[in-house]
Number of protein chains: 2
Amino acid sequence: MADPRRTRLQTDERRAQLLTLGLRLFSTRAYDEVSIDAIAEEAGVSKGLLYHYFGGKRAYYLASIEHAAGGLIESLDAVPEALVGPARALAMITAYLDFVEHHGDAYGTLLSGGVGSDPEVTHLMARSREEVAARILHGVGLEAPRPVFELAVRHYIGGVEAVVLDWHDRRQLSRTVLLQFLVQQIRATLEVALALDPDAAVQLDVP
Amino acid sequence: MADPRRTRLQTDERRAQLLTLGLRLFSTRAYDEVSIDAIAEEAGVSKGLLYHYFGGKRAYYLASIEHAAGGLIESLDAVPEALVGPARALAMITAYLDFVEHHGDAYGTLLSGGVGSDPEVTHLMARSREEVAARILHGVGLEAPRPVFELAVRHYIGGVEAVVLDWHDRRQLSRTVLLQFLVQQIRATLEVALALDPDAAVQLDVP
DNA sequence: GCCATTGTTGACCGCGATTCAATGCGGTGC
DNA sequence: GCACCGCATTGAATCGCGGTCAACAATGGC
């Protein structure tokens, strides 16, 4: 446990340890309020080691965010393939909320991704959202590109991020109400999209 | 025009000039890619002056964002009071899109700051969104607090920010389709809220 | 036990944010 | 028109922090 001088770890362990720590620190304070020295001290590690594992502070931050994003996607993919239709929507939203409740800070960091609109962070977030969007569209049987539905789902995801963040920060609404709203809202959103693009082969009611 | 040595301006003018410049610079590059020196040089002003007007870089950034947020709210408030119901929704969304088309970069900065990293920026964005939310709720005749409707509107706004940012970055969809979607979506969202809170005295159909 | 590999360190460097005492422009009173 | 004063403005000095690098030591193979 204690390390009088040095502790040598496997690359993966150390990397994971640092990522988790980074997530926690960047969640607590703002990006440029967290100094490399502070991170190193907190980790009980030298500054140089951080530069050995990640290229620099920015890259470290980016990796932390990616770590969180990966966790979220993983959670969503834990939903059994067997579930379809509204039941699947319910399960996925539940998984989403569970993730937020368990890794609240990580989620917060994930969403507060912009250090003043950094292209790399923006791109990473965009890819993460596309993953979520793909899963939603897959859930209603849409595989081919459908711009209107992509728009609708993008709107939905943006809304989810907003309300869930609010919910996590200041618990004003019960989880139940939030869940109900989100389930009904995805359906309503998809119906709006269907009204604008009636030819799309979506299945909103697979039982 | 040219200033061989010094140019002395009114406090308000200089402040406005610096804010506008800041908005432009922070929109172009990431926060910590923009150095105080660069800002000062671009403004044709000394570094120290920036510290005289704003407390520091962070505060300067914050003020720039606030500037942009103010412009957006102003645009929304330019919609005539006479318009009500769906027509008002259409007008306000149009005003929103107009603002984004005219001040696209400022809008981008505004939002990427909003997702933003530190408590002050977050708080500022929250207040700005509350202003928008209040205007939407007012538009349907809701003045008293209604948690479910606040949730719904928060979701809607989050979605709008997401899709509008996407739309601004990579014009994949026509403005018309976006507009149609957003108009129908606000109605659908409010209806979902109404289903969960049937007692609310909303007016979705004032002609 | 020796050696190679590589995880790990700590002192050093330079840029950029911040400070502050000095400077001079613009308006005011006479 | 002139002297003066307040306040916008400056730029040199400071300092903290991100980043670099050559040396060091823990682990595993022989």
Side-chain angles (χ1 to χ4, degrees), chain A residues 1-23 25-26 28-65 114-121, chain B residues 1-23 25-26 28-65 113 116-118 120-121:
Chain A
M1 281 298 159
D3 40 358
R5 298 290 305 184
R6 289 186 178 190
T7 312
R8 191 192 179 105
L9 293 177
Q10 294 296 328
T11 305
D12 291 348
E13 292 176 53
R14 176 112 295 162
R15 191 181 163 84
Q17 174 210 348
L18 292 177
L19 284 181
T20 304
L21 174 67
L23 215 44
L25 291 183
F26 286 128
T28 309
R29 280 165 294 170
Y31 176 79
D32 53 3
E33 304 239 315
V34 181
S35 70
I36 290 279
D37 294 87
I39 300 169
E41 188 182 359
E42 189 98 6
V45 131
S46 80
K47 200 161 48 161
L49 196 63
L50 280 165
Y51 285 88
H52 174 71
Y53 277 93
F54 314 93
K57 187 180 181 183
R58 192 63 146 284
Y60 176 53
Y61 176 69
L62 202 66
S64 296
I65 288 181
V115 188
S117 65
D118 182 298
E120 305 213 56
V121 179
Chain B
M1 284 297 159
D3 39 359
R5 299 291 303 185
R6 289 185 178 191
T7 310
R8 191 192 180 105
L9 292 176
Q10 293 296 327
T11 305
D12 291 349
E13 292 176 52
R14 176 112 298 161
R15 192 182 164 83
Q17 174 211 348
L18 292 177
L19 284 180
T20 304
L21 174 67
L23 212 46
L25 291 183
F26 285 127
T28 309
R29 280 164 294 170
Y31 175 80
D32 54 1
E33 304 239 316
V34 181
S35 71
I36 289 280
D37 294 86
I39 301 168
E41 188 182 0
E42 188 99 4
V45 131
S46 83
K47 212 163 31 166
L49 195 64
L50 280 165
Y51 285 87
H52 173 73
Y53 276 92
F54 315 93
K57 188 181 180 182
R58 191 65 145 285
Y60 177 53
Y61 176 67
L62 201 68
S64 296
I65 288 181
S117 21
D118 74 280
E120 305 214 57
V121 179

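Sequence lines set the chain letters: A, B, ... in the order given, protein chains first and strands last, and positions in each chain run from 1. Every value quoted in this text rests on a predicted model; they were computed, and no experiment measured them.
Between the CD atom of B:Gln10 and the P atom of D:dG6 there is a distance of 18 Å, given to the nearest Å. Taking atom CZ of A:Phe54 as the reference point, atom C1' of D:dG19 lies 16 Å away to the nearest angstrom. Rounding to whole angstrom units, CG of residue B:Leu9 and C1' of D:dT10 are separated by 15 Å. Atom CZ of A:Arg14 is separated from atom C1' of C:dT9 by 12 Å (rounded to the nearest Å). Taking atom CG of B:Leu50 as the reference point, atom P of C:dA17 lies 11 Å away to the nearest angstrom. Atom CG of A:Asp32 is separated from atom P of D:dG16 by 16 Å (rounded to the nearest Å). Between the P atom of C:dG7 and the CZ atom of A:Arg15 lies a distance of 12 Å, rounded to the nearest Å. Separating the CD atom of A:Glu41 from the P atom of C:dT9 is a distance of 13 Å, rounded to the nearest angstrom.
The two residues B:Ala43 and B:Leu18 make their nearest non-hydrogen contact at CB-CD2, 3.8 Å.
Comparing D:dG18, C:dG7, C:dG24 by their nearest atom to the side chain of B:Arg8 picks out C:dG24. The side chain of B:Lys57 sits closest to C:dT18 out of C:dT18, D:dG18, C:dT8. Distances from the side chain of B:Ser46 to the nucleotides D:dT9, D:dG19, C:dG7 place D:dT9 closest. When distances are taken from the side chain of B:Tyr51 to each of C:dT8, C:dT19, D:dT10, the shortest belongs to C:dT19. Comparing atom distances between the A:Leu49 side chain and each of D:dG19, C:dT8, D:dT10 picks out C:dT8 as nearest. Side-chain proximity of B:Ile36 to the nucleotides C:dT18, D:dT9, C:dA11 is greatest for C:dT18.
Phosphate proximity of D:dT9 to B:His52: absent, as no side-chain N or O sits under 4.0 Å from OP1 or OP2. Within the 4.0 Å cut-off from OP1 or OP2 of D:dA8, at least one side-chain nitrogen or oxygen of B:Thr11 is found.
By the 4.5 Å heavy-atom criterion applied to side chains, A:Tyr61 and A:Val121 are counted as neighbours. Counting heavy atoms from C-beta outward, A:Arg14 and A:Leu49 have side chains that approach closer than 4.5 Å.
With hydrogens and angles left out, the side chain of B:Lys47 and the base of D:dT10 share no donor-acceptor pair within 3.5 Å.
Ion pair B:Asp32/A:Arg58 flagged as a salt bridge, since at least one NZ, NE, NH1 or NH2 atom sits closer than 4.0 Å to an Asp/Glu carboxylate oxygen.
The residue among B:Gly55 and A:Tyr53 whose nearest nucleotide of DNA chain C is located toward the 5' end is A:Tyr53.
In this structure, A:Gly56 reaches the sugar-phosphate backbone alone: every heavy-atom distance under 4.0 Å involves primed, P, OP1 or OP2 atoms, never a base.
Each of B:Tyr51, B:Phe54, B:Tyr31 was scored for a ring-ring contact (aromatic ring centres under 6.0 Å, His included) with B:Tyr60, with one residue passing: B:Phe54.
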